[in-house]
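Below: one structure, written as C-alpha cells.
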Amino acid sequence: MGVEVAVTNLTKSFGSQKIWQDVSLTLPPGEVSALLGPSGTGKSVFLKSLIGLLRPEQGSIVIDGTDILECSTKELYEIRKLFGVLFQDGALFGSMNLYDNVAFPLREHTKKSESEIRTIVMEKLELTGLIGAETKLPGEISGGMRKRAGLARALVLDPQIILVDEPDSGLDPVRTTYISQTLIDINAEIDATILIVSHNINLARTVPDNIGMLFRRQLVMFGPREVLLTSEEPVVKQFLNGTMIGPIGMSEEKDDAQMAAEQAMVDAGHHAGGVDDVEGIVPQMKATPGMPFRQAVARRQERVREIMDTLPYSAQLAIQESFESTALTEEFPAIMADEMYAVD
Ligand SMILES: Nc1ncnc2c1ncn2[C@@H]1O[C@H](COP(=O)(O)OP(=O)(O)OP(=O)(O)O)[C@@H](O)[C@H]1O
C-alpha cells in the first residue's frame, strides 16, 4: 500500500510574493486525492514542494515518517524513490521512442537485465493502453498518448506515491475521461497514494476519494470528496460550476464593486457562462471490470466513518448514500460490506 503524506502548516513564498500559507492536509495512504484551484494559486508549487524540488520556508512534510524539510540530502534521495511523477507535458525525451523513454528509469536506477526491463515496460505500457506504440517517437503521437507514456514511465519503479500535474491539460473531454479511468485503474492495480493537481471540473467530480482547494493563498478545504462537492462555499460552488459569478475573477481576485456589477448583468438576463448548476454528487469512477478490487474504497469507508461526526451535515448525507450504493455494487464484495456495517 502507498504511504501517508502529512503536511502541516506549510508556507511558501517567492521573495515577497506569498504563494500559500499554513496549508495542512494528510493524503491518506493508498487513496486518490485531488488538489483544485484557479490558475496561479500555487498547485504546481505544492506538488514540487512535496517532492523536495522547492523548499517551503515554514511547516513540515512528513512522508513515511521522515520530515523532508528537516532530513539529510541522502534521506531525501531515498524518499524521492517512493515517488512517481507525471509532469504536465509528460516530460519525455524527444529523441527516444516510447519503449526507451519508459525503460529509462529502470536502466538508470536499477541493475535489472534487459529481459526483466522488457517485462516491466510492456506491463506498464499495457496498463496505460500503449501496446503497439513502443517504437513511436514522442513527436509522432498525440498529447493524450504522451501523457499516458509519461504515466507509464512514472510507474516503472513501483512508486508508492504518484503525483500527477494537470493530467487533462491539452486533452479533449473524452481523452480526459480515458486518462481519469487510467488513474483509477492504476490505483486499483498498485494501491499507491495518488495526488492529482487539476482545474478540470469533471475530473474533480468523478475521480478522487478526497478533494482540496487552494484559493487566496489558503487551503479552503480538504477532505472526503462529498465535503467539497456539497459545499455551499461561494468559491467552491463557482469553481465547480465554472461560472463568472463568484469570487474568482479573470486574472485576480474581484472586489465587491465588480461582483455587484456582474450580478446585476446576470439579473438582467446575461448568461454567466458555465453549465447549469450541478447539485448533488456525481458517482465516483470505478476500476475497469477485470482490474483488481480497489482496496482504497473499503479503507476509506472505515476512515470516513470515524470522522463522520466532524463533517458538515450535507456531506454526511451524501457519504451515507454513497456507502449504501457501494455496498450494492460488485466492486465492494458483500462479505466486506457485512463487516463494514456490523454494529460495534
Ligand atoms: N520558481 C519560481 N520562482 C518564482 N515564482 C514562481 C516559481 N514557480 C512558480 N512561481 C509563481 O507561483 C505562483 C503559482 O504558480 P503555480 O504554477 O504553482 O500555479 P498553479 O496553481 O499550478 O497554476 P496553473 O493552474 O495555471 O498551472 C505563480 O504566480 C508563479 O509565477
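The first residue in the sequence is number 1, and the count goes up from there. As the structure lists them, so they are numbered: ligands from 1, and atoms in each ligand from 1.
- The protein does not reach atom 31 (O) of ligand 1 closely, with no heavy atom under 4.0 angstrom from it.
- Nearest to atom 5 (N) of ligand 1 among the protein's heavy atoms is F14 CD1, 3.2 Å.
- Two residues are said to be in side-chain contact when any heavy atoms from C-beta on lie closer than 4.5 Å; R153 and T128 fail this criterion.
- In terms of protein heavy atoms, atom 23 (O) of ligand 1 is closest to G40 N, 2.8 Å.
- Every atom of ligand 1 is numbered from 1 in the order shown, and the set under 4.0 Å from a heavy atom of T41 is 19 (O), 21 (O).
- Applying the 4.0 Å criterion to heavy atoms of G42 picks out, from ligand 1, the atoms 14 (C), 16 (P), 18 (O), 19 (O), 20 (P), 21 (O).
- Of all protein heavy atoms, the one lying nearest to atom 17 (O) of ligand 1 is S44 CB, 3.7 Å.
- For the side-chain hydrogen bond (donor to acceptor under 3.5 Å, both in side chains) condition, the pairs that include at least one residue of residues 62-74, sequence neighbours left out, are S72-E75.
- Side chain to side chain, T193 and E4 fail the donor-acceptor criterion of an N or O pair below 3.5 Å.
- A donor-acceptor contact closer than 3.5 angstrom is absent between the side chains of T176 and D168.
- Checked by atom type, the side-chain pair T177/N202 shows no donor-acceptor distance below 3.5 Å.
- Under a cutoff of 6.0 Å and an axis angle of 45°, K12 and F14 form a cation-pi pair.
- In this structure, atom 25 (O) of ligand 1 lies nearest to the protein heavy atom K43 NZ, 2.8 Å.
- The shortest separation from a heavy atom of K48 to ligand 1 is not under 4.0 Å, leaving the residue out of contact.
- Heavy atoms of G37 stay at 4.0 angstrom or farther from ligand 1.
- Inclusion of I19 in the set of residues having an N or O under 3.5 Å from an N or O of ligand 1 is not warranted.
- Residues satisfying the ring-ring contact (aromatic ring centres under 6.0 Å, His included) test with F104, not counting sequence neighbours, are F93.
- Residue H199 approaches ligand 1 through these ligand atoms, each under 4.0 Å from one of its heavy atoms: 25 (O).
- Scanning the protein for heavy atoms near atom 29 (O) of ligand 1, the closest one is Q17 NE2, 3.2 Å.
- Panel note: side chain E126, backbone I131; no donor-acceptor pair is recorded below 3.5 Å.
- The shortest contact between atom 18 (O) of ligand 1 and any protein heavy atom is with V45 N, 2.9 Å.
- The closest protein non-hydrogen atom to atom 24 (P) of ligand 1 is E166 OE2, 3.6 Å.
- If you check the side chains of E116 and S113, you find a donor sitting under 3.5 Å from an acceptor.
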